[in-house]
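Shown next, in structure tokens, is the structure this report addresses.
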There are 2 protein chains.
Amino acid sequence: MKPTLQDVANAVGVSRSTVSNAYCRPDQLSAALRERILDAARQLGYPGPNPTARSLRRGFVGAIGVLFTSQLSYAFTDPFAVRFLAGLSGAAERHGSALLLVPLPDDPARARAAVENAAVDGFCVYCVGNEEWALDAIRRRALPYVTTAAPEEAHPAHRYVGIDERAAARTVAEHVAALGHRRVALLGDTVLPDAPPGPLRLAGPADVPHPTTRGRLAGFADAFAALGVDWSDLTVLNATGNSRAAGAAAVAATLTGDDPPSAVLACSDVLALGVLDTLAEAGPHLARPVSVTGFDDIAEAAAAGLTTVRQPAEEKGRIAAELLLAPPADPAAGHVLLDTALVVRTSTRPA
Amino acid sequence: MKPTLQDVANAVGVSRSTVSNAYCRPDQLSAALRERILDAARQLGYPGPNPTARSLRRGFVGAIGVLFTSQLSYAFTDPFAVRFLAGLSGAAERHGSALLLVPLPDDPARARAAVENAAVDGFCVYCVGNEEWALDAIRRRALPYVTTAAPEEAHPAHRYVGIDERAAARTVAEHVAALGHRRVALLGDTVLPDAPPGPLRLAGPADVPHPTTRGRLAGFADAFAALGVDWSDLTVLNATGNSRAAGAAAVAATLTGDDPPSAVLACSDVLALGVLDTLAEAGPHLARPVSVTGFDDIAEAAAAGLTTVRQPAEEKGRIAAELLLAPPADPAAGHVLLDTALVVRTSTRPA
DNA sequence: TTGAAAGCGCTACCAA
DNA sequence: TTGGTAGCGCTTTCAA
């Protein structure tokens, strides 16, 4: 059996308290005794206090849980998520907190159990879809948490760091509109659940369940509505996933059909890069060039010359961690909206 | 105070065991009683069994620790590490295990404490330098672990997944040698600790402390030695970090000096991309083109036309997780060497 | 400076 | 099917 603190105490002939003190309160005993205890521990192969037992007793763990309501590997596949995690981990590191990445099974009951069973002091919920159930489980545990988007309904103690999705989306749409584009397609990931890739009939942005996508589509629409281009004049394209391939598949038929749009506004850079892939492939067969915009400004966007909206990924992660680990006294400071910036590159041209 | 299992038991008028059973062994009580208990729990706001207490009692945690002996954010900054983590997290997810990313402070004593205090069932150690101290702490805790490189000295129960660094490096060097290059520079990250960026005097690869870098440099040297080009004829360049910028800085003086090498063999793609950056910047001032090779085959390598050695990043992560979570019965199967492949692109040309 | 006592919240065994 | 008992390994008063 693995030796315990008790064994060390027995070996030295002192009480457990004293051994415990030797580890976590060196000032509470003589240096000599402490040395004697540590020596005995080494001799016995005692690896130091058991972390789980210590957490139970102390009432905290030293780790924050990170939740992606999707495959966990998504976190490492999406460039924006990776940068967010870089910022988050840097700040967590500074606070001496570890990061527990919690995989969520597809089965709702088991997913909820995963949230209930995570040994953490708080949660950072990376919003990618419907995570209300997870927030509910977290609130029941009375743990602090932070999300990466404003909540749908305000909740006391709900802290978040996000951007003004709608206003940000509007800026890039205004840029495209100013270039003279009027036949425009909007591309989003999972605009409606279970919808197939490609064009979608949608009464308005309000019908989109995912708040981030809803906000961005609404912002795109705002810009055109101001110029008299109605929602019904816009094409909405659905991608079945936030990936390059899904973006490419979503637009393929539309771009190669007759009367294609002159511009495609995507809800993420990854989708937009997929559009560029389709465009590059279709190449000579296209009647005329198509302008494309993305959202996020990931590294690949610059290389591809993609016009996009920049949001500060690492900073978002850093602030999320700080909101959790060093909560502001003023509750209003728990709601952070970051600035975004339109980045114009070569993927948008006059219509 | 937060309600505990005991409170629920009191409320329903049953024993704690029965409440516990209601949560983790539903077959041990009648459906009716279980419903009654769960209802009471809901009423009281009991969020379910405390994960830490459960772990203590059960003796396992359901998480594996991931150690990067560097800034934790490095894990998200290095493309190869990110792909490794994607593979690792996918496999962990399948096994229902969470991932605890443990930040390691710079201070050695505190770093060791971080390893000792992590509540995990095992460790995956991503090798980036000297991690013997961490392995030592893990062994004392008698936890299973896996590393991403063969150990320097064999240890029972040490499992690893790696590649034959030396043989792999040799293949790309042979390719460069076959193109006729004889004046060659080798570029590695932290070839010697605390060495400045740029050329380095080194008696031989054996003097390099980091095993991965040592193996790759030795492999490069092997290829040239076979053609009569001695170690002393090769230039060794030191980069102070595994980053594009560090790679660029390491080669700048050498490439723009007189009598520059005709080829640079880098120990990673990231470093090689830095070399390409320097080359692009120096551009017209260069006497003649310089061939460059990398190592890893990250996504950016393809776009940059970089000749490199491909190693299966995601698979490495997946196998690491499986070695840990589903240990093979045969101990020999705990040592996995993955295949690598030379990928020739446009960054290498005849001398 | 040291030790005794009292749990942290839970689960697993065994007996009823 | 239910409950009593006995810890899991530790830390923290408080008293000596």
Side-chain angles (χ1 to χ4, degrees), chain A residues 1-38 40-41 44-62 113 116-121 140-143, chain B residues 1-38 40-41 44-62 113 116-121 140-143:
Chain A
M1 276 316 297
K2 281 196 207 178
T4 71
L5 185 144
Q6 176 76 72
D7 296 326
V8 179
N10 291 150
V12 184
V14 296
S15 77
R16 287 184 309 191
S17 337
T18 305
V19 178
S20 176
N21 282 336
Y23 281 98
C24 32
R25 326 180 86 187
D27 52 314
Q28 296 293 300
L29 35 48
S30 63
L33 178 55
R34 174 155 193 267
E35 242 349 285
R36 212 144 58 80
I37 291 175
L38 264 29
L44 288 171
Y46 176 67
N50 174 312
T52 307
R54 166 176 281 180
S55 296
L56 177 60
R57 181 60 235 244
R58 290 193 175 166
F60 83 103
V61 177
E116 290 168 340
N117 286 329
V120 296
D121 302 317
R140 289 189 59 110
R141 286 186 60 182
L143 289 177
Chain B
M1 276 313 298
K2 282 197 209 180
T4 70
L5 185 143
Q6 176 77 72
D7 298 323
V8 179
N10 292 151
V12 184
V14 295
S15 77
R16 288 182 309 191
S17 335
T18 305
V19 178
S20 176
N21 283 335
Y23 282 98
C24 32
R25 323 179 89 185
D27 52 313
Q28 296 294 299
L29 34 49
S30 62
L33 178 55
R34 174 154 193 266
E35 241 352 283
R36 211 143 60 78
I37 291 174
L38 264 29
L44 289 172
Y46 176 67
N50 175 311
T52 307
R54 168 177 278 180
S55 294
L56 177 59
R57 181 60 235 240
R58 292 195 176 167
F60 83 102
V61 177
E116 289 168 341
N117 286 330
V120 296
D121 301 318
R140 287 190 60 113
R141 286 186 60 183
L143 289 176

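No hydrogens, no waters, no symmetry mates; every other heavy atom, side chains included, goes into these values.
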Between CD1 of B:Ile37 and P of C:dC10 the distance, given in whole Å, is 13 Å
Given DNA chain D, 5'-ward residue of the pair B:Asp27 and B:Ala53, judged by closest heavy atom | B:Asp27
Can you check whether A:Tyr23 has a side-chain N or O nearer than 4.0 Å to OP1 or OP2 of D:dG9?
-> no
Return the nearest nucleotide to the side chain of A:Pro49; candidates are D:dT11, D:dG9, D:dG4.
-> D:dT11
Name the closest nucleotide to the A:Ser17 side chain, picking from C:dA6, D:dG7, D:dT12.
-> D:dT12
Between D:dT11, C:dT2, C:dA12, spot the one nearest the side chain of A:Leu5, thanks.
-> D:dT11
Is there a donor and acceptor pair closer than 3.5 Å between the side chain of A:Ser20 and the base of D:dT12?
-> no
When the distance from CZ of A:Arg58 to C1' of C:dG9 is rounded to whole Å, what number comes out?
-> 18 Å
Where the side chain of A:Leu33 is defined as all heavy atoms beyond and including C-beta, which of C:dT2, D:dT2, C:dG7 is the nearest nucleotide?
-> C:dT2
B:Leu56 has an atom CG; how far is it from atom P of C:dA12, in whole Å?
-> 12 Å
Whole Å only: how far is the CG atom of B:Asn21 from the C1' atom of D:dT1?
-> 10 Å
Round to a whole Å and report the spacing from CZ of A:Arg57 to C1' of C:dC10.
-> 15 Å
Whole Å only: how far is the CZ atom of B:Arg25 from the C1' atom of D:dT1?
-> 13 Å
Separation between CG of A:Leu143 and NZ of B:Lys2, rounded to the nearest 0.5 Å = 5.0 Å
N or O in side chain of B:Arg54 less than 4.0 angstrom from C:dC10 OP1/OP2 = no
Which nucleotide in the set D:dT11, D:dG3, C:dT2 lies at the smallest distance from any side-chain heavy atom of A:Gln28?
-> C:dT2
Looking only at side-chain N and O atoms, does A:Thr18 come under 4.0 Å of OP1 or OP2 in C:dT1?
-> no
Rounded to the nearest 0.5 Å, how far apart are CD1 of B:Ile37 and OH of B:Tyr46?
-> 11.0 Å
A:Gln6 atom CD is separated from C:dA5 atom C1', nearest whole Å, by 13 Å
Check whether the side chains of A:Thr52 and A:Ser55 place a donor and an acceptor atom closer than 3.5 Å, and report yes or no.
-> no
Between B:Tyr46 and A:Arg16, the residue closer to the 5' end of DNA chain C by nearest nucleotide is A:Arg16
Would you kindly give the CG-to-P distance between A:Asn50 and D:dT11, to the nearest whole Å?
-> 9 Å
Hey, does A:Phe60 reach any base, or is it just sugar-phosphate, or nothing, if we go heavy atoms under 4.0 Å?
-> nothing
Name the nucleic acid region contacted by A:Thr4, choosing base, sugar-phosphate or nothing; use a 4.0 angstrom heavy-atom cut-off, strictly under.
-> sugar-phosphate
Please tell me if the side chains of A:Cys24 and A:Arg58 come closer than 4.5 Å, counting only heavy atoms from C-beta onward.
-> yes
Closest approach of A:Ala11 and A:Leu44, non-hydrogen atoms and distance?
-> CB-CD1, 3.9 Å
Keeping the roles fixed (side chain from B:Arg141, backbone from B:Glu116), state whether a donor-acceptor pair exists under 3.5 Å.
-> yes
Touch check for B:Ser30, heavy atoms < 4.0 angstrom, all strands: base, sugar-phosphate only, or nothing?
-> sugar-phosphate
With sugar-phosphate meaning primed atoms plus P, OP1 and OP2, does A:Leu29 contact a base, only sugar-phosphate, or nothing at under 4.0 Å between heavy atoms?
-> sugar-phosphate
Give a yes or no on whether a donor-acceptor pair under 3.5 Å exists between the nucleobase atoms of D:dG9, that is its base, and the side chain of A:Thr52.
-> no
